[in-house]
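Report on the following structure.
Since this is a predicted model, take the numbers as computed values, not measurements. Numbering of residues begins at 1 and proceeds along the displayed sequence. Just follow the structure's listing: the first ligand is 1, and inside any ligand the first atom is 1.
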Amino acid sequence: MTYKNEELYRILEDACSNNFGCDLKDASRLQVYKSLCQTVRYILSKKRKLFHDEINSNKSKQVYYMSMEFLIGKSLRNNLFNLRLEDNFREILNGLGFNIDDLYEIEPDAGLGNGGLGRLAACYMDSMASLGIPGTGFSIRYEFGIFKQKIVDGWQMEFPDDWLSLGDVWLRPRTEDSYEVKFGGYVTESYEDGQIKINHHDYSPVLAVPYDMLIPGYNSDAVDKLVLWSAKSPSPSAINLSFFVRGEHLKALEQNTMAEVISKVLYPADDNWDGKRLRLKQQYLLVSASLQSIVSSHIKKYNTLSSLPDKVAIHINDTHPALCVPELMRILIDEHNMGWDEAWEITQKTLSYTNHTVMSEALERWPENLFKELLPRVYQIVSEINRRLLYRLNSEYHNDMAKIEYMSPLSGGEVKMANLCLAACHTINGVSKLHTDILKSSIFKNYYDLTPERFTNVTNGIAYRRWLCQSNPKLCELLSNLIGEGFKKDCMELEKLMQFYDDASVIESLQKIKYDNKVKLSKYITDANGINVDPSSIFDVQIKRLHEYKRQLLNVLQIIHMYREIKFNPNIDIPPRTFIFAAKASSGYFMAKQIIRLIVAISNTINSDPMVRDKIKVIFLEDYKVSLAEIIIPSAEISEQISVAGKEASGTGNMKLMINGAVTVGTLDGANVEIHEQVGNENMFLFGLKANEVEALWHSGYNPLYYVSKNPELNEIMQMLRLSVFGASFEDITNSLLTNKFGAADAYMNLADFDDYVRAQNEVSKVYKDKDHFTKMSLVNIAKSGIFSSDRAIKEYADNIWHIK
Ligand code: 26V
């Protein structure tokens, strides 16, 4: 479908007069913005209809991506870019006296996720649509997304994110396609026509109402969709009558609000599984409603469920939707009278699972009692899965009870969600080569030994059309001029940039673009923090969730060391650097919040010290989110990827920074290993212990005090932190690094990697003095980043896991 500007104008005008009863030329900025969104949504719906008809008539296999999080960010610019209508609307709006870039600002981020896992899901939707794969994402329509972060006196404060007030332009409810989800109650069995029938009594029903968000692909006929479930209480007569007739009116009302609370707010933690009842309810709402809708549309189309695995692939994004395993069994057995064995075979062949973390505290386990009370029928099915598995494991491992317990979905009074996935899914994957190796050799070793053929790797990728083409338009334009437009569809074409390695004018253009982007970020920093930074200083960026394993603290220790060097030698010859941090901490994560406090404290001290502030500055930008990342990343020169080796499953910020020309300072962790494979030692600043060395050191008895005694500089830095040099004492932090309570001090080995990190940072300063050389490193990073496109990742999922043609 191609549109002429006159036609687009007419649709825009209709949207304006239908919604606001006024002419475009009289409309306010907000009215024009809303009309534009409506127009884009209208164009997408028409396209979606054609695509839907086509996949229905071809009977194509469908992918369903189940995820508790989709960190979408803003949609307007991405939709226009993918539809290739941005220039048309820019012109139309100019004619009306509006700048389209100003309108983009109005849109709130859809922050329906915490971090990497949620953003990955959003990138994957984009790539599925761009590759023409019929894909549907399923998640929850949280009324409040990830909290808004403000920093008050160094402390993170959290405020509700009421994104729907403007963000709901992209969502269309389909109330008629709602499903009932049952919580609580009890289960009985009866015989009917010689068959066992399951009866679920006295449950509390909740209605799951779907809202569709359309996802266009780039230069593709496909329009996929994201379906977000909203929890509603069923009609008052259905839910409340039993309480009403007993005179319990308040309780009846309470039930109503209890139902709707389920989709109120995204859980703002990604570190610590806490076994909260409401989260289990959210997970079951998502899983049950989605599977009911998948099964019912399959039956409608094919009139049988035996073909489900041929026509449907359901992907479990981390363990959060692991209830897919027992719920699909329940639907097949209880609602479609299937026998256990057939249902199990179909379930296995339909489901696949990606693991996104090896951190044991993030692996979800539910107290058995809570699980049984909230989901009595699902619990029975989990018990039966467990019983049958134990039978098999017992014959395999005889009396190795420890091993069998470790592998069981139900043991020690807990339901273990990862084990449910491992027991059932036909394919299990990690998200980088190293991470998959660790799954195989460590946390999932037992399952790997049993069925190695089920394990595979798909290294993460990013929707680079958002992260490069849209957020860094000048670089995108330069690339188009140099290597043609082909890279927008095939990211591997970026490699053609290598031919300009020795081209001085290209190096100069890259420098100019980076500088302009740094000026833009500097303006943002001045507005947001009231601090002026020097756009010709090195922009050194660490942006990601705040986690001890990601080691923002190591960066801080190194900055304090630099600060001390400058204090001792004010004439030291190092290129000026601006360290930029942005990070949200989970609301209940004490140490993470202390680390934010420390970053803010050192930034206050350093930025106000006339002796050092022309050499280094430290900026903490509040409220890190997708749209802020889009501003920071194009201006970054150094990408800090400094997690302790073995802990960061992949990382995707590393890829976004790389494709924008930032050079990585990093450990051999997650996808850094593969970045290193691409660019080599010469184009990256590697440091630190390797994953196997970290393991070995931990087991041989890691002692942080050894590093402090060996290195007087580290000792001094610890003293400064204790002695309120930065405005307050940070004893909780020094204790976490040094006090070897329960052998757990400095669990992320900051001190073991300190020296080598300082060496790598000195190397950065040295190399940067030869600006052209540094820019060549940057060029290589851009040229070699093609492999980290989510198009490549999705192709691998489609070929090796979902088996989509
Ligand atoms: C875990 C939990 C644990 C319990 C409470 C709620 C909650 C919410 C989210 C998570 C997800 C943690 C896993 C995660 O985000 N992993 C990240 O996944 C990225 C995409 O694969 C990857 O690049 C990062 O390295 C990995 O940390």
- line: Residues passing the salt bridge (charged side-chain N to carboxylate O under 4.0 Å, His left out) test with Lys784, sequence neighbours excluded, are Glu495
message: I'd like to know whether the aromatic ring centres of Tyr757 and Phe687 sit less than 6.0 Å apart in this structure.
response: yes
- request: Quick one: list whatever passes salt bridge (charged side-chain N to carboxylate O under 4.0 Å, His left out) with Lys225, sequence neighbours left out.
  value: Asp212
query: According to the ring pair (Phe, Tyr, Trp, His ring centres under 6.0 Å) rule, which pairs have a member within residues 780-799, sequence neighbours left out?
result: Tyr124-Tyr797, His315-Tyr797, Tyr797-Trp802
query: Taking 4.0 angstrom as the limit, do Lys264 and Glu260 come out as a salt bridge?
result: no
Electrostatic pair Lys690-Asp669, nearest N-O below 4.0 angstrom: no
Pairs under 3.5 Å, N/O atoms on ligand 1 and on the protein: can you put them in a table with the distances?
| from | atom 1 | to | atom 2 | distance (Å) |
| --- | --- | --- | --- | --- |
| ligand 1 | 16 (N) | His356 | O | 3.0 |
| ligand 1 | 21 (O) | His356 | ND1 | 2.6 |
| ligand 1 | 21 (O) | Asn460 | OD1 | 2.8 |
| ligand 1 | 23 (O) | Asn460 | OD1 | 3.4 |
| ligand 1 | 23 (O) | Gly651 | N | 2.8 |
| ligand 1 | 25 (O) | Glu648 | OE1 | 2.6 |
| ligand 1 | 25 (O) | Ala649 | N | 3.3 |
| ligand 1 | 25 (O) | Ser650 | N | 3.0 |
| ligand 1 | 25 (O) | Gly651 | N | 3.0 |
| ligand 1 | 27 (O) | Tyr549 | OH | 3.2 |
| ligand 1 | 27 (O) | Glu648 | OE1 | 3.1 |

